[in-house]
Amino acid sequence: MKKITTSANVDAYDHAKIEKKWQKEWDDQKLHIAKEIPGVKKFYGLIEFPYPSGEGLHVGHVRSNTAMDIICRKRRREGYNVLYPIGWDAFGLPTENYAIKTGIHPAIVTKNNTAIFRKQLKDIGFSFDWTREVNTSDPAYYRWTQWIFLQFLKKGLAYKKKMTINWCPKDLIGLANEEVINGKCERCGTLVEKREKEQWMLAITKYAERLLNDLDAVDTSDTSGTKKPLLDWPEHIKDAQKNWIGKSEGAHIDFRIVLEDDKNALVDSQKSDSGASSTSSTFGTYSTFGIKVFTTRADTLFGVTYIVIAPEHQLVQTLMPSLSNRLEVESYISKSKIQSEIERTNDEREKTGINLNGVYAINPANNEKVPVWIADYVLADYGTGAVMAVPAHDTRDWDFAKKYGLPIKQVIVGDPSTPSVRSENDSHQKTATVTDNTNNTKAYCEDGTLINSGKFDGKDSESARKEITKHIGGELVTKFKLRDWIFSRQRYWGEPIPVVKCEKCAISNPEGGGWVPVPESDLPVKLPEVKKYQPTETGESPLAAVTKWVNTKCPVCNGPAKRETDTMPNWAGSSWYYLRYTDSENKTAFADKKNLEYWTPVDWYNGGMEHTTLHLLYSRFWHKFLYDLGLVPTIEPYTKRTSHGLILAEGGVKMSKSKGNVVNPDVIVKSVGADTLRVYEMFMGPFDQAISWDTSNIAGSRRFLERVWKLKNLLHPDSSNNSKDVERSIQKTIKKVSDDIENMRFNTAISALMIAVNEMEKIGKISKSHYETLLQLLAPFAPHITEELWSSLGNEKSIHQSPWPAFDSKMAVADTVKIIIQINGKMRGSFMAAAGTSKETLQDLAQNNAEVIKWLKDKIIDKVIVIPDRLVSIVVK
RNA sequence: GCGCGGGUGGCGAAAUUGGUAGACGCGCUAGCCUUAGGAGCUAGUGUCGCAAGACAUGGAGGUUCGAGUCCUCUCCCGCGCACCA
């Protein structure tokens with residue numbers, strides 16, 4: 001028969017063979033190894049290095065890695081010297097937990113897992129520079145993580161502090177605030193508890209202002225005169241960081257505390273044996289025995305009807321002896337202490353509190369005497385741990401006042417031009433003793449005009465804030481939600497914190513608490529072998545059991561000392577890995593200055609939204625710190641940041657081992673090839689949006705590549721008969737694919753390539769040069785098949801070293817255009833016209849168009865709008 | 001509650017400055033080719049309608065010759081933060 005199956009088989013697209021062949025070839029040619037070449041423009045593309053979990057590579061890794069791979073491949077062909085490195089964020093709990101279960105050393109587990117990841121990544125053909133691979137759990141790497149910690153210590157930015165931490169009773173680990181989600185452990189979902197523990201802290205709050213301001217900094221190195229932002233980040237990522245840092249401008253205002261005895265007489269606090277210091281007993285003068293509140297609404301000061309302080313506030317203990325309801329107060333405090341985080345943050349929960357009987361505060365604005373309450377809706381660790389309550393203008397205070405029958409006093413009215421929340425005659429009531437002088441059903445929280453505020457009546461909120469603060473001797477201050485970073489973990493599989501505790505030094509130098517840094521020359525402090533990885537109930541690291549390791553000599557006094565057994569959180573190693581990539585083998589510094597100057601900052605960093613407030617903020621902090629020490633040349637680490645959307649399982653749920661819906665990329669690579677997998681993941685939908693995996697759609701991507709493969713059968717030796725149309729369509733494709741890659745609109749880039757292939761198939765013959773251009777555009781997406789076809793066309797050098805196709809705008813201009821005819825806004829016809837046809841001619845052609853005439857019959861033309869090269873819009877009556 | 005994203009065919013989605021809504025792909029339908037096909041090729045495929053045509057981008061208004069796109073109000077979904085004074 002006419003069977004051509006054999007010859008077809010010979011010619012079939014054999015992805016397995018092709019992909020293996022070229023991966024080896026590229027390796028042999030060292031095609032993707034980056035070298036510092038002074039004078040040649042560089043591009044540093046970065047992906048978040050993976051945690052080598054036992055589950056293997058996730059299809060989500062493939063999505064983000066492919067995206068950056070495409071960009072890097074394009075940059076190389078645009079003449080950039082490209083660094084696209086890879087490594088392992090290898091410290092972490094899952095590995096340690098696995099070690100606990102199996103007894104296998106985490107280092108072994110890590111080694112096995114990275115080997116699997118490495119093979120998986122190589123099989124997909126990413127153009128990583130594998131010679132710069134880093135591993136955060138490698139002593140040669142964490143030596144420098146420890147070294148950076150010592151610099152923090154030296155500058156006083158690392159300190160140990162006893163504090164209440166979030167404790168996960170399941171993982172037996174302390175958590176950073178950032179790792180607690182809705183009162184639960186981020187990793188295992190267990191309710192966290194509060195524990196008192198000495199913790200190493202990093203003073204990230206010292207950098208809060210700069211971390212915030214530099215988000216909107218202007219690039220001063222750009223001398224072109226345009227004010228280019230320093231960070232090319234999408235606004236939503238900047239917003240997320242800004243919200244997290246949480247700057248608010250407000251004022252500290254002092255309220256004097258007075259105590260009232262049984263006879264309702266005011267007694268100065270000095271007379272009580274509270275131990276508080278007071279310099280005056282005269283009503284109306286300033287007393288140091290007072291309470292400082294933080295407020296952003298000093299304009300509402302005249303509306304204060306009570307003061308609330310956090311149960312943990314020191315003043316409560318000071319006042320305790322003077323309280324008549326001492327037992328109740330004590331019981332409230334102990335109750336709120338054991339309250340779990342989840343209860344405290346539940347928004348359904350009603351506010352509770354208790355009055356401190358006999359304790360009053362004097363409003364510095366009007367000398368009014370208001371009661372003092374404690375309530376756990378006031379946070380001890382924000383602001384001053386005390387607030388002035390203005391129920392008329394704050395929702396929380398409103399709720400609380402309504403519940404406990406506290407007075408509500410309105411002092412702000414809305415702009416009269418906008419609907420007011422209150423009636424006219426209310427504004428003339430000026431009484432300090434009303435229980436509720438508003439007719440409102442909720443707090444009015446907007447800015448407005450002041451009333452009931454003495455000489456400030458009629459002022460607007462904004463100016464009143466400053467004036468009132470000044471008037472009563474308050475202080476304008478700035479607060480941040482950001483807290484210092486809890487840097488200790490009581491676990492094994494992390495970087496040991498390189499300090500020792502020396503009792504002798506603690507006596508001679510009490511400032512440092514006896515903590516002595518390990519000399520830099522003694523780094524790294526290596527993790528010792530342990531028998532058991534199990535963390536302890538007491539909250540001590542498993543390292544504490546290794547007495548031989550723990551007992552050491554003090555580097556200062558040579559006396560007996562004990563090593564710190566806490567380790568660093570896994571955010572430590574990832575806070576500076578992008579710097580190590582520039583010089584991964586360096587043994588004398590974390591990276592050579594010359595290399596840092598050449599490669600940094602990272603030009604483009606893609607990663608997940610989930611790292612916006614943790615990793616991204618932490619690493620910016622470390623980078624700025626190193627910049628201050630003169631160790632890195634730029635104030636920001638990442639010039640451009642983008643984020644990818646998650647890949648969900650079919651049905652829109654998260655992929656997880658337990659649900660059994662995890663897609664293994666190996667299986668796809670084996671059955672349809674890495675190129676198909678790459679094309680599919682780029683085509684599946686908008687890159688920055690979450691999307692569900694859909695196996696049935698992979699066939700379309702495979703089909704597309706097969707059609708590209710078969711196009712070679714349409715090669716025509718005579719390229720002279722290429723019509724201008726074909727040329728134009730190629731140019732359009734160059735433009736579209738180039739632009740789309742820059743904007744990470746990979747789905748439409750592939751769609752444009754599909755359109756080009758469809759057109760070529762339809763025409764039935766293609767010239768070599770057009771085919772080559774198509775392959776060149778497709779090459780970043782599908783590097784193997786394009787390389788094979790490119791080479792079969794007789795090219796000796798790799799397609800990935802060929803220049804990126806140049807867009808020729810002249811060739812792309814069409815000489816005839818389609819003109820749309822609209823009648824009363826509805827499309828009624830169209831016609832072809834030469835590009836640049838005059839308005840008059842177009843109108844004429846439109847009105848005489850056969851399809852249009854019937855619509856114009858018996859109608860009067862009211863108006864005609866002509867958009868040249870586009871449309872003619874006719875309005876008829 | 002606040003912040004950030006989204007709502008367009010059966011499905012994933014396209015749509016420069018407002019200018020043919022649904023490109024591209026999946027799926028589906030019919031036909032061709034095959035011993036066969038989860039292969040390939042051709043044609044079709046928003047909804048209603050025989051058709052002419054009408055109606056269609058979460059909903060309601062508005063601006064405009066013209067709105068998925070701009071304005072006002074509103075509903076729903078996802079993510080983040082969450083008593084931050």
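Just so it is clear: chains get the letters A, B, ... in the order the sequence lines come, proteins before strands, and each one is counted from 1.
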Per [X] side chain, nearest of listed nucleotides [options]:
X: A/Arg745; options: B/C65, B/A14, B/C83; answer: B/A14
X: A/Ile865; options: B/A85, B/G19, B/C4; answer: B/G19
X: A/Trp244; options: B/C65, B/C81, B/A14; answer: B/C81
X: A/Thr295; options: B/G19, B/A85, B/G25; answer: B/A85
X: A/Asp376; options: B/A54, B/C24, B/C83; answer: B/C83
X: A/Phe683; options: B/C4, B/C26, B/G12; answer: B/G12
X: A/Pro686; options: B/C24, B/A14, B/C26; answer: B/A14
X: A/Met754; options: B/G25, B/G40, B/U17; answer: B/G25
X: A/Lys818; options: B/A85, B/C26, B/U20; answer: B/U20
X: A/Arg707; options: B/G3, B/G25, B/G40; answer: B/G25

Whole Å only: how far is the [atom1] atom of [X] from the [atom2] atom of [N]?
X: A/His236; N: B/C2; atom1: NE2; atom2: C1'; answer: 18 Å
X: A/Leu646; N: B/G78; atom1: CG; atom2: P; answer: 15 Å
X: A/Phe480; N: B/A85; atom1: CZ; atom2: P; answer: 12 Å

Once you apply a heavy-atom cut-off of 4.0 Å, does [X] come out as touching a base, just sugar-phosphate, or nothing?
X: A/Ser248; answer: sugar-phosphate
X: A/Ile755; answer: sugar-phosphate
X: A/Lys826; answer: sugar-phosphate
X: A/Met827; answer: base
X: A/Asp694; answer: nothing
X: A/Val875; answer: sugar-phosphate
X: A/Trp693; answer: nothing
X: A/Lys863; answer: sugar-phosphate

Is any side-chain nitrogen or oxygen of [X] closer than 4.0 Å to OP1 or OP2 of [N]?
X: A/Tyr377; N: B/A85; value: no
X: A/Asn747; N: B/C24; value: no
X: A/Lys854; N: B/G53; value: yes
X: A/Arg702; N: B/G40; value: no
X: A/Asn243; N: B/A82; value: no

(message) Please verify the inter-ring angle class for A/Trp373 with A/Tyr404; under 30° counts as parallel, over 60° as perpendicular, anything in between as tilted.
(response) tilted
(message) Would you say that A/Phe704 contacts A/Phe683 through its side chain, given a criterion of any heavy-atom pair below 4.5 Å between the two side chains?
(response) no
(message) Under the criterion side-chain contact (heavy atoms from CB on, under 4.5 Å), I'd like the reasoning laid out for A/Ile204 against A/Arg483: C-alpha separation, chi angles, the key distance, then a yes or no.
(response) CA-CA 7 Å; A/Ile204 190 172; A/Arg483 314 291 158 91; over 6 Å; no
(message) Assess, by modelled atom type and distance only, whether the side chains of A/Tyr332 and A/Thr352 contain a donor and an acceptor separated by less than 3.5 Å.
(response) yes
Between [N] and [M], how far is it from one [atom1] atom to the other, in whole Å?
N: B/G18; M: B/U64; atom1: P; answer: 16 Å
N: B/G46; M: B/U20; atom1: C1'; answer: 15 Å
N: B/C2; M: B/U74; atom1: P; answer: 12 Å
N: B/U8; M: B/A14; atom1: C1'; answer: 10 Å

Is any N or O donor-acceptor pair between the side chain of [X] and the base of [N] shorter than 3.5 Å?
X: A/Lys351; N: B/C83; result: yes
X: A/Gln689; N: B/G6; result: no
X: A/Arg828; N: B/U20; result: no

(request) Working to the nearest 0.5 Å, report the span between CG of A/Asp688 and NE2 of A/His644. (result) 11.0 Å
(message) Less than 6.0 angstrom separating the ring centers of A/Phe480 and A/Trp244, yes or no?
(response) no
(request) Nearest-nucleotide wise, let me know which of A/Ser701 and A/Glu706 is further upstream toward the 5' end of RNA chain B. (result) A/Ser701
(message) Closer than 3.5 angstrom, by distance alone: can the side chain of A/His252 be matched with the main-chain N or O of A/Thr384 as a donor-acceptor pair?
(response) no
